[in-house]
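Just follow the structure's listing: the first ligand is 1, and inside any ligand the first atom is 1.
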Amino acid sequence: MTRDTPRNADGEDPSDVATDETAADTAAGADDVALDPWGSSAVADYRKLFDEFGIEPFDEVLPEVPAPHHLMRRGVIFGHRDYRPVARALREGEDAAVLSGFMPTGDPHIGHKLVFDEIIWHQERGADAYGLIADLEAHSARGLSWDEIDDHARDYLLSLLALGFDPEAGELYRQSTNREVQDLAFELGSKARLAEFEGIYGFDGETSVSHMQSVVTQMADILYPQLGEPKPTVIPVGPDQDPHMRLARDVAARTRYFKVTEAYASFAADPGERDHLAAAHAALEDDSDDPVRCEDAADWLEADPTADADRDAAIEKLRAAGKEPLRPRVRFLDRNATDEAFDALVEAVSGEKRRYDEHVDAFEMGPDEAEELAREVELDHGGYGFRAPSSIYHRFMTGLTGGKMSSSVPASHISLLDDPEDGYDKVKAATTGGRETAEKQRELGGEADDCPVYELYAYLLAGDDDEFATEVYEECVGGERLCGGCKEQAAELMREFLEEHQENRAEMEAVLDGLDIDLDSDRRGVTGDDH
Ligand code: TRP
Ligand code: SF4
């Protein structure tokens, strides 16, 4: 399997690509972890997301990231899907892109700032950067009016600009006015089925068609950076958006003209069977010119003590193939190619090749080269050639009052528009991980790991200064730091941050007005609670 192929899109026939089971479990709320893009997603145990949903721990790619962001270093960005190609592109100065989207349902707050910072960080490292306003989603899934959406959209964009997004190098757009996104959404919709929306999102007969349209629109957002040219693209989001990522990766694979796999004989074998074929081939291959025959490989596998169902299936296929030589090759399977594209591919395959009805085998090409060729031919013949989009996931911030940080509970979060004095007051009033008395705190130390105030330092207030963040942590758990003074310091830093941010926002008003983005949509609309 190649790096580009999502693990759950292994079916050779595009019509039977399986929706992975974990995606379907989402709606059912597997155990106590539920990832619901429109629900309340509190995650009790982030480790479960690795086992249950196949999100990978970020630690494992961290060493591959050049000068990682403090959110990466501090474990706030805890997980990823397929981030390696993006890390490599950043390292090697190759093309990459970053995109995320915001539903303009309220004020942007310090939780959104994480994502703004992630976009900007990738942009500063050379990635094409995109920030979008998910207005169609806000209208259809949340029932916001166009006037409300316009106001909030302006606030999100101002904050993104104020934090350092470069609109000359990057692109800001709203879903509703981006014609290319709409066209792409329509196209991608032909590779998504209602039954899988039911499985992944819990949609049913009562779900509005516009809400479904907002899902294919998000798929289009995610792939939009690749319209000019396919490139590694990262989507920074909270883990609640992971169902969208899984679907986007599946849908991207389904649009491909060809699927490139490795094979050993004319018959099809799945990855488990292929491992046995590879082992038999490696064991039996010698320097002579005599080919390894399928039936000999079957004999060899019969004697293999590590028997499993894959081995038995492989043996059966090898027996049926009899005297056919067993030879490693790459196989291009036709998924969506036109006849001309298939002919062109066969023509372009270098070295020895064999053409079948639905596939062509190449005996002298490596898988990477084959993958590249498949993409080139696809692009030449009107296809998109998408690479599977990658994602990174950040932890949700704890609310200042404990529990979830929620846009609908003002005291639980700090809005980027809050008066700096209110920001100060909210921090001063925050719940802490402190002990009941100062004496106990000195004796036992505070619980920084369970303290919303410590989170403020780690996520935001300490900025890039790891030493400062570590100092707060160690002083806290060592009992040298008491909550009163600690909160005072955090509150002052928060006030300063808000003052500065809001000055920057004011300066960005003119910049925003100079951009080609319509914030007075003047649209008629129908909202209600039938979304
Ligand atoms: N669904 C996202 C949210 O609820 C918003 C969104 C729309 C988005 N399109 C996107 C996020 C593309 C990431 C990438 O916040
Ligand atoms: Fe939290 Fe600071 Fe108190 Fe430690 S000292 S528990 S970090 S408020």
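- Between His80 and Phe58, the two ring planes are perpendicular [angle over 60°; tilted spans 30° to 60°].
- The aromatic rings of His501 and Phe497 sit parallel, their planes meeting at an angle under 30°, below the 60° perpendicular limit.
- What sits closest to atom 9 (N) of ligand 1 on the protein, heavy atoms only, is Asp221 OD2, 2.8 Å.
- Contact between Pro37 and ligand 1 is absent, with no heavy atom of the residue lying under 4.0 Å from the ligand.
- Looking only at side-chain heavy atoms (C-beta outward), Phe203 and Val215 come within less than 4.5 Å of each other.
- Numbered from 1 in the order shown, with element, the atoms of ligand 1 that lie under 4.0 Å from a heavy atom of Ser100 read 13 (C).
- Polar contact check, Glu137 against ligand 1: a nitrogen or oxygen pair lies under 3.5 Å apart.
- Relative ring orientation between Phe102 and His112 is described as perpendicular, the plane-to-plane angle rising above 60° on a 0-90° scale split at 30° and 60°.
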With ring pair (Phe, Tyr, Trp, His ring centres under 6.0 Å) as the criterion, how do Tyr173 and Tyr224 come out once you've worked through the C-alpha distance, each side chain's angles and the decisive distance to 0.1 Å? CA-CA 11 Å; Tyr173 70 88; Tyr224 176 63; 5.1 Å; yes
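- Around atom 2 (Fe) of ligand 2, the protein contributes the following N, O or S atoms under 2.8 Å, ordered by chain and number: Cys486 SG.
- The nearest protein atom to atom 8 (C) of ligand 1, hydrogens excluded, is given as Gln218 NE2, 3.4 Å; this is a heavy-atom distance.
- Here the heavy atom of the protein found nearest to atom 3 (C) of ligand 1 is Gln241 NE2, 3.6 Å.
- The contact set between ligand 2 and Gln441, taken as ligand atoms under 4.0 Å from a residue heavy atom, comprises 3 (Fe), 5 (S).
- One finds no salt bridge joining Asp250 and Arg246 here, because no Lys/Arg side-chain nitrogen approaches an Asp/Glu carboxylate oxygen to under 4.0 Å.
- For the pair Arg481 and Tyr457, the cation-pi test (distance below 6.0 Å, angle within 45°) is passed.
- Within the listing of ligand 1, atoms 13 (C), 14 (C) sit less than 4.0 angstrom from a heavy atom of Ile235.
- Ionic pairing of Asp117 and Lys113 is present here: one or more N-O contacts between side-chain nitrogen and carboxylate oxygen are shorter than 4.0 angstrom.
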Apply salt bridge (charged side-chain N to carboxylate O under 4.0 Å, His left out) to residues Arg154 and Asp513 and explain how you reach the verdict. CA-CA 10 Å; Arg154 183 169 190 91; Asp513 291 339; 3.1 Å; yes
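- Contacts with ligand 1 closer than 4.0 Å are made by no heavy atom of Thr217, backbone or side chain.
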Passes ring pair (Phe, Tyr, Trp, His ring centres under 6.0 Å), Phe116 versus Phe165? Steps please. CA-CA 8 Å; Phe116 295 153; Phe165 184 90; 9.5 Å; no
Decide salt bridge (charged side-chain N to carboxylate O under 4.0 Å, His left out) for Arg174 and Asp150; before the verdict, give the C-alpha distance in whole Å, the side-chain angles of both, and the deciding distance to 0.1 Å. CA-CA 10 Å; Arg174 49 192 299 169; Asp150 283 347; 2.8 Å; yes
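- When hydrogens are left out, the protein atom nearest atom 13 (C) of ligand 1 is Gly101 N, 3.4 Å; that is the closest non-hydrogen contact.
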